[in-house]
Amino acid sequence: MAKDSYLVGLIGAGIGPSLSPALHEREADRQGLRYVYRLIDIDTLGVPPQAVGDLVRSARDLGYDGLNITHPCKQLVIEHLDALSAQAEALGAVNTVVFEDGRAVGHNTDVTGFAASFARGLPDVPLERVVQLGAGGAGAAVAHATLTLGAERVTVVDALADRAADLAASLNRHFGEGRAAHATPDRLPDLLADADGIVHATPTGMAAHPGLPFPAPLLHPGLWVAEVVYRPLETELLRTARAIGCATLDGGGMAAFQAVDAFRLFTGREPDAARMLADIGELAGAVSAPK
């Protein structure tokens, strides 16, 4: 008999503004479920990221059904889990933990979330040469998603050269040699001049980190621009790109679709993706239609 009561949570740093509780609880209400989504903020608790293992064990012991995991714990949590999905193992990052028969199993719905959003919002754009700015946890997920969607080559750009190189090497091992490359930000002018599109996966543009991630003149109308930031939905990058005629995709779809996949993992029930996408629109400001 299916359960009708769930307790889940989110572990991360500075997660007070997260929309995950509202996203999950709204959908659960519509499905007639009792569903409580708690924030477990390591900053509020005053513990380091390395405490994620203790927090996961405590949640399991307290009867949680699952957890979402966000920055800076997506990699650190792995050693504390009993099993990983193929996607999470390939990525080396976990954003969803499901407790099953006393075992903690890690998944990654960032990859599937970005892929679903991109396929919906930018279905017909060229994918021969893609530049991705940012090689952190979100960057790894969206790079995997972009290559899964059929990108011929992704060049990962990051201020931390080793981080970009490591991600590119991992992508080549998974997808085949030559599918990924890495570069430092000083090469962006040349890379963007020849690129079909850019995926932006750094915190720049968030309310706490306003501004553009690179100089506006590097944009040109032949580029599509996909954003991972979703608070605000219209970042300065998207606003600037739209103004010159670029096709764009905001970060709201990724946020909604990763929550859709996590809700399904937690409950075994099928959520309504369209309704959860609309929820993001209400919670973060209307999800911008791609242009």
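By the salt bridge (Lys or Arg N to Asp or Glu O under 4.0 Å) test, D65 pairs with K3, sequence neighbours left out. Not counting sequence neighbours, F257 has no partner by the ring-ring contact (aromatic ring centres under 6.0 Å, His included) test. Residues that satisfy the ring-ring contact (aromatic ring centres under 6.0 Å, His included) test with H144, not counting sequence neighbours, are H174, F175. Not counting sequence neighbours, the partners of A262 by the side-chain contact (heavy atoms from CB on, under 4.5 Å) test are H24, N68, T96, T109, F266. Remark: F99 engages no residue in a ring-ring contact (aromatic ring centres under 6.0 Å, His included) (not counting sequence neighbours). In this structure E128 satisfies the side-chain contact (heavy atoms from CB on, under 4.5 Å) test together with E152, D196, sequence neighbours excluded. For the salt bridge (Lys or Arg N to Asp or Glu O under 4.0 Å) test, no residue two or more places apart in sequence or in another chain qualifies with E177.
Y6 has its side chain within reach of T267: a pair of non-hydrogen atoms, C-beta onward, lies under 4.5 Å apart. Between I11 and T70 the shortest side-chain heavy-atom distance does not fall below 4.5 Å. Residues E234 and D250 form no side-chain contact, since every pair of their non-hydrogen atoms from C-beta on lies 4.5 Å or further apart. Counting heavy atoms from C-beta outward, V98 and Y64 have side chains that stay 4.5 Å or more apart. The closest side-chain heavy-atom distance from L171 to R179 is not below 4.5 Å. Between V8 and L67, the closest side-chain pair of non-hydrogen atoms is not below 4.5 Å. A heavy-atom distance below 4.5 Å is found between the side chains of H200 and T204.
Here the CG atom belonging to L188 is positioned 6.0 Å from the CD1 atom belonging to I198, to the nearest 0.5 angstrom. With rounding to the nearest 0.5 Å, the separation of CG in L219 from OG1 in T248 is 11.0 Å.
N172 places a side-chain N or O within donor-acceptor distance of the main-chain N or O of G178, the cut-off being under 3.5 Å. Proximity of a side-chain donor or acceptor of R264 to a complementary backbone N or O of P271 within less than 3.5 Å is not detected. Without hydrogens or angle criteria, T146 side chain to V142 main chain gives a donor-acceptor distance under 3.5 Å. The closest donor-acceptor contact from the side chain of N108 to the backbone of A93 lies under 3.5 Å.
Between Y37 and Y35, the ring planes are parallel. Angles under 30° get that label, and only those over 60° would be called perpendicular.
Residue pairs meeting the salt bridge (Lys or Arg N to Asp or Glu O under 4.0 Å) criterion with at least one partner in residues 154-167, sequence neighbours excluded, are D158-R163. Judged as a salt bridge (Lys or Arg N to Asp or Glu O under 4.0 Å), the pairs with a partner in residues 17-38 (not counting sequence neighbours) are, in order, R26-D279, R26-E282, E27-R30, E27-R275, R30-D279. Screening residues 39-55 for salt bridge (Lys or Arg N to Asp or Glu O under 4.0 Å) gives D54-R57 as the qualifying pairs, with residues at least two apart or on separate chains. Annotation: salt bridge (Lys or Arg N to Asp or Glu O under 4.0 Å) contacts involving residues 66-95, sequence neighbours excluded, comprise R60-D82, K74-D110.
The hydrophobic cluster containing V52 also contains L45, counting ILVMFWY residues as joined when their side-chain heavy atoms lie under 4.5 angstrom apart, directly or transitively. Following chains of ILVMFWY side-chain contacts shorter than 4.5 Å, one cannot reach L39 starting from V56, and the two form parts of different hydrophobic clusters. At a threshold of 4.5 Å between side-chain heavy atoms, the hydrophobic network of Ile, Leu, Val, Met, Phe, Trp and Tyr places L283 and L233 in one connected group.
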Compile the donor-acceptor pairs under 3.5 Å between side chains in residues 206-216 and protein atoms, sequence neighbours left out, one pair per line.
none

